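To keep things clear, I will list the structure first and then write my remarks on it.
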Amino acid sequence: MSHDHDHPSYLQHHFDTPEQQFTSSKLGMWLFLATEVLMFGGLFCAYSVYRGNHPEIFMYAHQFLDTKLGAINTVVLLCSSLTMAWAVRAAQLGQKRLLPFMLILTLAGAFGFMGIKYIEYSSKFDHGLLWARAYEPHEEGHHGDDHGDGHEAGAADHGAAHDGGDDHGDADHNGAADHNGASDHNGDAAHEAAAGDHGGEQAEALPDGVLEILPSGLKVEKSTIAPPGSAPSGTVLTVSDDGHGEHHGPEPEKTKVFFSIYFLMTGLHGIHVLGGIVVIFWLLFKSLGGAFGPEYYTPVDLVGLYWHLVDLIWIFLFPLLYLIH
Amino acid sequence: MSTPETKRGGLPHQPPGNTLGKENYLNASRGFLSWALTLDHKRIGLMYLVSILTAFLGGGLAALYVRTELIAPGQTLGDADMYNQAFTLHGAIMVFLFIIPGIPAALGNFVLPLLLGAKDVAFPRLNLASYWLWVCGAIFAVISLATGGVDTGWTFYTPYSSSTTTSVIPIVTGVFILGFSSIFTGLNFIVTTHKLRPKNMGWFNMPLVMWALYSTAIIQVLATPVLAITLLLLIAERAMGIGIFDPALGGDAVLFQHFFWFYSHPAVYIMILPAMGIISELIAVFSRKHIFGYTFIAYSSVAIAIFGFIVWGHHMFTSGQSDLLNMIFAALTFSVSIPSAIKIWNWLATLYKGSISWDTPMLYALSFIILFTIGGLTGLFLGMLAVDVFLHDTYFVVAHFHYVMFGGTVIAFLGGLFYWWPKMTGRMYSETSGRLSAALIFIGFNLTFFIQFILGSQGMPRRYFDYLPRYEFYHQVSTIGAYITALGFMVAAYSLAMSLVRGKLAPANPWGGNSLEWHTTSPPPLHNFEGEPRSDDPYDYGDWKWDDSVEGFVRKDAEATA
Ligand SMILES: [Cu+2]
């Protein structure tokens, strides 16, 4: 593209003035944000419909989410929004050292958020608290005691379904009785049990509150959450030895759909955070090259808008999933 | 593209304003990459045009398969599964790969910046991305076809779509990607319209097709994201078993229908609004008369865009929606007919006492008015609760839909294609073959679909592979009509293809239009205009007069100063 007129290098040929280019970009970004809002709006709508039809599931299941981690993540994202806004300001004022610094802080917040999200997700995976088809919760209160028996019962009841490694997705589980049963395998722990017996003694050797340390180094922690109206903490789902569920708390039948919704909403949001990380990295490299200043800071401004939206969506997700009463 | 270089010397007559063989956007740069990576809206428009016409050919062949299968009861060509896949393929290709991008992304891309006197759209890279996303979406559609096809119908209703063994995920992924392609186009058009108008062109100096494209773009931006999330949920439902649409898990299968139609009803306005915009141009230009009721037509486009968002429930009158909701949606549905009728009356008033010329684009425009009126009025039957219960899921719906989408959008698309063809290629097509194509398509179309109103009202359900012998006559007429329509398309294709080889060179303004695209050369230069285009009332044709030596229209003042 030739710039025959005395255009600044950042001004594209089809715009007459930098101002026209800036306001166009900004309008475009707002429209893009509108599409994002509508897309998440659809998801929130699906959430509302399901919650409206089955409020008890949300009342029950949200307690498996870690409110503390969720709250920390909220603060982390809010802080990164602040540093992002600061970065925009730095770009506008031509503070060429402050801008990359603020971008790095924003990135730190983004990575912090994803890290905490990773911890939360792995805990859900460890406990089998997954989307509906893969949902296989473990009975942590009796983990130490029932481990061996539970596995045998599982082998008897479900046969091949449990033999195929960590294929959560393939095992077919329907109904509360089934997934409350001791028959359900405990993720990797169950497979270890299949390989060799390491029954009850393991639990005593571990620090308080930790049930097991997996080969990967992740701890299987004793849940401190109790279902409404149930016995004190530590017993989430209790089972009798015959493999049939016995509710200490009234676990609604379709609890697993809560986790479908949880993973969908936080997953889609997480993808947006990852997208944000990519573009903020890009900004960082450009800003180190001194690309932005008072006369041209459009990309910083636009990414800032995007990042605030990502933040905003989390502000909605957090209470809708974690803070249910 | 024919290379004009080779035969420049042999061309008998190159009118002023024709740039074939000289510098224009087609020969500004050469080589495959100069097209594949172009940021020029005109080239992107042309690439879109070729691509969607290819899709149209595929969807059309699927339609011919369906019609041939139905020529007699029982199995004719293939088994029922094959038939299910053919009608699904026809619907999905025509809707998502052809009609939705058809007018905005192909014709619109080419003309929108020209109409505004701008150098390009606001975001040329996004425009190119939109095109390649379209290609990606098309590839996914082909993958789905190669991995066993889909038999859900283009609407992908759950729970069937989440339980059928056919290859739903690839095509749904493809449609998801096509959605982003459509959003990018819409976003680009909105910003371009807001920001790149010349200083002396106010909103009410814009040609009406701009209002239509702008309203369309608003729907594209606001409705498509909802389709995106719907399709994501459907993919998740199939891949992960999430349960939101699964009644066995307390989910709601009708919720899918609500989501789907929240997009897809507005989407029919994505399809028809730009068509109406083209018609507003054609009717005025070929009546050589100022458009009647400019403001009404402009506002009615916006009104349709807005009303379009609140009527989706009329697709679920028989899905167990509450009576109250049914009544609300029925009432709102009737409200959409008001802005549509406003347009029809204003077009008729423009025709009245106009000096009508029967060029091919005008024949298509007149076809549009007739067919769209039939399509619109039969929509009222379906919006009527009591009648809809009877007609739901019959051929009446098929006929209504095709009158609006084919009789409306496709016909207007063809009209626009013939209208802007000289501008795009610098060549005139032959009026004889052009008119013949319009006549054949008009006759074939009515044979195919009018009889389906009767078929439907007699109770023939849509999407059935087999039928009772008493429906055979109607199906046969319909199938013969489909063959005539196909012939009409072949004539149209022949007409346009031959123009590239031996068409007369087009003048800058063959039709005497006054919107800005006629103020530049045919084909336009890379940056669209030499100097600043001067915009005035796009429907004031008084400054142009026919010049026999040019075989086109020339400006009176240009002649005076020359
Ligand atoms: Cu509709």
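Order of the sequence lines fixes the chain letters, A, B, ..., with proteins taken first and strands second; residue numbering starts at 1 for each chain. Note that the structure is a prediction, hence the values are computed from the model and not measured.
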For [X] and [Y], work out which heavy atoms get closest and say how close.
| X | Y | answer |
| --- | --- | --- |
| Gln20(A) | Lys195(B) | NE2-O, 2.8 Å |
| Ala228(B) | Met39(A) | CB-SD, 3.9 Å |
| Ser260(A) | Gly241(B) | OG-O, 4.3 Å |
| His13(A) | Lys119(B) | O-NZ, 3.6 Å |
| Cys45(A) | Phe259(B) | SG-CE2, 3.9 Å |

If you round to the nearest 0.5 Å, how far is [atom2] of [Y] from [atom1] of [X]?
| X | Y | atom1 | atom2 | value |
| --- | --- | --- | --- | --- |
| Ile242(B) | Lys256(A) | CD1 | NZ | 13.0 Å |
| Phe245(B) | Tyr50(A) | CZ | OH | 12.5 Å |
| Leu227(B) | Leu38(A) | CG | CG | 12.5 Å |
| Thr230(B) | Leu43(A) | OG1 | CG | 10.0 Å |

Would you say that more than 12 heavy atoms from the other residues, nucleotides or ligands in this model lie under 6.0 Å from the [atom1] of [X], or not?
| X | atom1 | result |
| --- | --- | --- |
| Lys286(A) | NZ | no |
| Phe285(A) | CZ | no |
| Trp203(B) | CH2 | yes |
| Glu530(B) | CD | no |

Tell me, for [X] versus chain B, whether the close heavy atoms (under 4.5 Å) come from the side chain, the backbone, both or neither.
| X | result |
| --- | --- |
| Val257(A) | both |
| Phe40(A) | neither |
| Ile57(A) | neither |
| Leu27(A) | both |

So which residue, Val49(A), Thr23(A), Asn53(A), Leu268(A), ends up with the most heavy-atom pairs under 4.5 Å with chain B? Thr23(A)
With chain B, which of Ala46(A), Gly41(A), Ala34(A) has the greatest number of heavy-atom pairs at distances under 4.5 Å? Ala46(A)
Answer with side chain, backbone, both or neither: which region of [X] has an atom nearer than 4.5 Å to a non-hydrogen atom of chain A?
| X | answer |
| --- | --- |
| Glu237(B) | backbone |
| Ala239(B) | backbone |
| Leu232(B) | side chain |
| Ala118(B) | neither |
| Ile183(B) | side chain |
| Leu255(B) | side chain |

Looking at Val226(B), Ile244(B), Asn188(B), which makes the most heavy-atom pairs under 4.5 Å with chain A? Ile244(B)
Dump the intermediate steps for side-chain contact (heavy atoms from CB on, under 4.5 Å) on Leu196(B) and Phe15(A), then the final yes or no. CA-CA 8 Å; Leu196(B) 294 185; Phe15(A) 289 113; 3.8 Å; yes
Trace of the side-chain contact (heavy atoms from CB on, under 4.5 Å) decision for Leu233(B) with Leu264(A): CA-CA 8 Å; Leu233(B) 287 173; Leu264(A) 274 174; 3.4 Å; yes
Please check if the side chain of His14(A) supplies one atom and the backbone of Ala122(B) the other of a donor-acceptor pair under 3.5 Å. yes
